[in-house]
K.L.:
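Dropping a structure here in structure tokens format, bear with me for questions.
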Amino acid sequence: MRAPWSPPRAPLRGAPRNRLSRTSWLASLLPAVVLLACASGKEASFEISVAAPVMLGQCAVEPPTYGGRPVCARIRLCAPQADLSCEPIEIAPMGDAHGAGDLEETLLYPLQGGSRDISIDVRDGSRGAVRIEMELFDEGGVRLAEGSLTTDQVVDEGRVAMRLFPVNAWSCAGSLGTQAPPPRGLHASLRLDNGHVLVLGGVAGEQIPIDSPTMGPPLQRDVVVYEPGPDRFARVTVANDSGDAQEGEGFGRAFFSAFVVGEESGEYRIRVIGGVRAPDERAAVLFDALHASSAYGTPILPSPDMSIAPSVDLLYEPRAKVLRIVPLAPSPTAAPMAGVALSDGLAPCGRALVPGFAAIDAARRLMLDRRYVWIPSGAACATPGPGMLGAARLGATATGVDAREDVVLVWGGNVDEMATGDEATESANRAMHAGEILWRMGTTFVGSDELPLPTVFHTATRIRSAPGATPAERVLIAGGYVVGLPSRGGLRTELNLASPSLSVLRIERMLPLGFSVSAEPVSTGSHAATALHSATVIAESTDGTLVLLAGGAAGALGESLNGLAAAGVVRDRGPGMAGYEAIAGMGIARWGHAATLLGRAEDLLPYRRVLVTGGLVRRESAPTLRSVEAAEILALDVSPTRASERVFCDMPEPDDAATPPPPPTDGAIPPPPPLDAGPLPSDSGPRPSDGGMAGGG
């Protein structure tokens, strides 16, 4: 945990040595901040300069504009500690008459005048790693942008670059050198403990047919890592130590599950469970926008060249940026499988691995597997043994719901064993077997006419119960295609999306044996149902949970696999108190992407940054798809500032020589409004030590 945050003292009224005029340097609020510092001693001179917005590849996010409005910067420096806290470094405006007791932990600095310099004094002993945090406010105290960076170059080299992100808006993420990162979709992104994000796997293609029984995209074998501090991607070298010749160069597979096992001796171990692959440039998956080429009616199909990949471990060395593929023995699965669902690790002694399909027969029908296993999280844990699902499923989710016992909710999926030939009976079976609960005693079916219909390619996210609520676990079910009735020997997906598009399942333990599952209403607002979208927990406290829903694919006939750019948050404050709030949409209408929180959901920070990578979009001019290369970042204010809490600083009069610019004529827009719900996390909790900055290197 970081050191407690101290609110800034009275606004600093001393005249800085250099002041910034009301220039339009914030006209495009995606600036890079260049910090210049003296190489030694007490003084450190910081210069702010503005770079052009990042507009790489397919990214088309238009930055908000603010014309020449004056802004105020809140700057904080601290020294990171081994226990993850950050010891404040005292600073003050350089040139002001001050004594040793006048140094501040947080500096409010008006950006006006003809120069772009901010000069400050830094406390002695600040050599080494420094975390720099900055917020920008307008004259009304409204947050405009934020940025943060941890670096050891401030004193030693005197120059670093930091990016500021507009609040409650999407920005194009940084580049891979001078290029955008490799395009991909149906991939994985994993946040490491050092804050970096490893992006791997998936498929890529510029002209991907959506209705071909034989042609599909090749695998994306390149691996990259995103570094939040400098806001950049870097290539990762892949070495194959598994002896698997078919893996080829790089790492190539789709429909796999992966999670970080841990870190040892500076090397991260990542476990990859199954997936599909194909040799060379041949396709591993096919797409079917009409849901017509498979007995299962799924919009994503295995290709004739597909094979199921074995589970492996990946060893990643972050300094050298080298990823080694090593064999996994013994394998945690009884047989190779793809389309697996992996629970989120909430259970104390392991994660549940729910199978998808294990083989394809001569008629290209998927052979589903009912065997599930537990992946142990430690040798001391009495992990439950393997078991059998009540019904084999494809496209289901697995969500850990009880930290005291290994309890996992499996929801939805195409169930292949419920067909009876009688439509009424089949419909009843579909509702009855909508999901099941895995626990130490086996499995328990859950489902009824009162619960939502089972879906595929949905998301299922655990949300924390509010204090004082009846002991129960709750899971947010969002979107997905509705599971249909049997068609040509299997179950199919209906050509419509779930309705209602959002619901919360409430799971209560009924002693001695059994569970009670009920549905809570959710205020859906303007939420548009999607499938193959992303759901990311971006804030979690005892007051509730905030979940970001972004992108996704439409499902109606003729619109299937059309991407949506819509984004919003589900703010949950307890039973019957969940609602959806729309926010600014992404720059690219994508689905099959990956979204990763750049930080920890339990941290009490007003800001959260979320990185979205890859995805697939449907072309307008042709019935084809293309994979997405451009990444986007959302800086979300999860605890909107009330008027009484706004930060103000004295705005000095402009220099006489400075000429105020004319009113903006470029269609400037006001700053993005904060989310209109009350603060989350609670105002009564401790303030963060970084003045409200998320991210960092």
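Excluded from the calculations below are hydrogen atoms, water molecules and symmetry mates; all remaining heavy atoms, backbone and side chain alike, are included.
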K.L.:
Partners of Ala529 by side chain to side chain contact (heavy atoms under 4.5 Å, CB included), sequence neighbours excluded?
P.N.:
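Only Leu497, Ser501 meet the side chain to side chain contact (heavy atoms under 4.5 Å, CB included) criterion with Ala529.
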K.L.:
Looking at Arg370 and Leu389, would you say the former's side chain and the latter's main chain have a donor-acceptor pair under 3.5 Å?
P.N.:
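Yes.
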K.L.:
Who passes side chain to side chain donor-acceptor pair (under 3.5 Å) against Arg590, sequence neighbours left out?
P.N.:
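With neighbours one apart ignored, the set is Glu632.
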K.L.:
Just grab all the salt bridge (Lys or Arg N to Asp or Glu O under 4.0 Å) pairs involving residues 517-538, residues at least two apart or on different chains.
P.N.:
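Passing the test, one end in residues 517-538: Arg474-Glu520, Arg506-Glu520.
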K.L.:
Within this structure, what is the CG-CG distance for the pair Leu625 and Leu561, rounded to the nearest 0.5 Å?
P.N.:
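Between Leu625 CG and Leu561 CG, I get 6.0 Å after rounding to 0.5 Å.
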K.L.:
Indicate yes or no for a side-chain donor-acceptor contact from Thr455 to the backbone of Val482 under 3.5 Å, with no hydrogens or angles considered.
P.N.:
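Not at all, since once roles are kept as given, no pair shorter than 3.5 Å links the two residues.
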K.L.:
Would you check if the side chain of Arg608 reaches a backbone N or O of Ile538 as a donor-acceptor pair within less than 3.5 Å?
P.N.:
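It does hold such a pair.
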K.L.:
Check the pair Ile583 / Leu548 against side chain to side chain contact (heavy atoms under 4.5 Å, CB included), numbers first and verdict last.
P.N.:
CA-CA 10 Å; Ile583 61 174; Leu548 172 69; 3.8 Å; yes
K.L.:
Main chain of Pro355, side chain of Arg371: is a donor-acceptor contact present, judged purely on distance under 3.5 Å?
P.N.:
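Checked: no pair found.
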K.L.:
Going by an N to O cut-off under 4.0 Å, is there a salt bridge joining Arg143 and Asp637?
P.N.:
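Here Arg143 pairs with Asp637 in a salt bridge, since their nearest N and O are under 4.0 Å apart.
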K.L.:
I'd like to check Val547 versus Asp572 (side-chain heavy atoms, cut-off strictly below 4.5 Å). Are they in contact?
P.N.:
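Heavy-atom side-chain distance check fails, nothing below 4.5 Å.
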K.L.:
Ser189: which residues meet the side chain to side chain donor-acceptor pair (under 3.5 Å) condition with it, sequence neighbours left out?
P.N.:
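With sequence neighbours excluded, Ser189 shows a side chain to side chain donor-acceptor pair (under 3.5 Å) to Thr596, given in chain and number order.
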K.L.:
Checking Thr443 now: which residues fulfil side chain to side chain donor-acceptor pair (under 3.5 Å) with it, not counting sequence neighbours?
P.N.:
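For Thr443 there are no side chain to side chain donor-acceptor pair (under 3.5 Å) partners, ignoring immediate neighbours.
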K.L.:
Look only at the side chain of Arg393 and the backbone of Gly412, and say whether a donor-acceptor pair between them is shorter than 3.5 Å.
P.N.:
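Flag set: sc Arg393 to bb Gly412 pair under 3.5 Å.
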K.L.:
Is there a side-chain contact between Val354 and Leu438, using heavy atoms and a 4.5 Å cut-off?
P.N.:
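Answer yes - side chains close enough.
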K.L.:
So which pairs with a foot in residues 521-539 pass salt bridge (Lys or Arg N to Asp or Glu O under 4.0 Å), sequence neighbours left out?
P.N.:
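Of all non-adjacent pairs touching residues 521-539, none passes salt bridge (Lys or Arg N to Asp or Glu O under 4.0 Å).
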K.L.:
Is a side-chain donor or acceptor of Trp591 paired with a backbone partner of Ala531 at a separation under 3.5 angstrom?
P.N.:
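Looks like no, no N/O pair under 3.5 Å.
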K.L.:
Do Ile437 and Val407 have side-chain heavy atoms sitting under 4.5 Å apart?
P.N.:
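Yes, at least one pair of side-chain atoms sits under 4.5 Å.
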K.L.:
Within the structure provided, determine whether Val569 and Tyr580 are in side-chain contact (heavy-atom separation under 4.5 Å).
P.N.:
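No, their side chains stay 4.5 Å or more apart.
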K.L.:
Considering residues at least two apart in sequence or located in another chain, which fulfil the side chain to side chain contact (heavy atoms under 4.5 Å, CB included) criterion with Ala478?
P.N.:
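Here the qualifying residues are Thr459, Leu502, His533, Leu549.
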K.L.:
Indicate yes or no: at least one non-hydrogen side-chain atom of Val167 is less than 4.5 angstrom from one of Phe165.
P.N.:
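A side-chain contact is absent here, since even the closest heavy-atom pair is not under 4.5 Å.
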K.L.:
What distance do Ile375 atom CD1 and Ile273 atom CD1 have between them, rounded to the nearest 0.5 Å?
P.N.:
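Ile375 CD1 to Ile273 CD1: 4.0 Å, rounded to 0.5 Å.
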K.L.:
Restricting to side chain to side chain contact (heavy atoms under 4.5 Å, CB included), what partner residues turn up for Ala595, sequence neighbours left out?
P.N.:
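Scan of Ala595 (side chain to side chain contact (heavy atoms under 4.5 Å, CB included), adjacent residues dropped) gives Ser534, Thr536, Val610, Val612.
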K.L.:
For the pair Arg351 and Ser257, evaluate side chain to side chain contact (heavy atoms under 4.5 Å, CB included) and give the outcome as yes or no after the intermediate values.
P.N.:
CA-CA 12 Å; Arg351 302 186 179 201; Ser257 288; over 6 Å; no
K.L.:
Assess the residue pair Thr399 and Thr461 against the criterion (side chain to side chain contact (heavy atoms under 4.5 Å, CB included)); give the C-alpha distance rounded to whole Å, side-chain angles, the decisive distance to 0.1 Å, and a yes or no.
P.N.:
CA-CA 7 Å; Thr399 309; Thr461 309; over 6 Å; no
K.L.:
Partners of Tyr226 by side chain to side chain donor-acceptor pair (under 3.5 Å), sequence neighbours excluded?
P.N.:
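With neighbours one apart ignored, the set is Asp231.
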K.L.:
List the steps and the verdict of side-chain hydrogen bond (donor to acceptor under 3.5 Å, both in side chains) for Thr444 and Trp439.
P.N.:
CA-CA 8 Å; Thr444 301; Trp439 57 311; 3.3 Å; yes
K.L.:
Using side-chain heavy atoms (C-beta onward) and a distance below 4.5 Å, is Pro452 in contact with Leu505?
P.N.:
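Yes, at least one pair of side-chain atoms sits under 4.5 Å.
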K.L.:
Taking it one step at a time, do Asn168 and Leu636 satisfy side chain to side chain contact (heavy atoms under 4.5 Å, CB included)?
P.N.:
CA-CA 5 Å; Asn168 291 344; Leu636 188 67; 3.5 Å; yes
K.L.:
For Met577, check side chain to side chain contact (heavy atoms under 4.5 Å, CB included) against everything at least two apart and list the hits.
P.N.:
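By the side chain to side chain contact (heavy atoms under 4.5 Å, CB included) rule, Met577 matches Arg573.
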K.L.:
Could you work out, with ring pair (Phe, Tyr, Trp, His ring centres under 6.0 Å) as the rule, every residue matching Phe256, not counting sequence neighbours?
P.N.:
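Testing Phe256 for ring pair (Phe, Tyr, Trp, His ring centres under 6.0 Å), a comparison that skips the adjacent residues, returns Phe251.
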K.L.:
Using a 4.5 Å cut-off on heavy atoms from C-beta on, say whether the side chain of His187 contacts that of Val199.
P.N.:
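A side-chain contact under 4.5 Å exists here.
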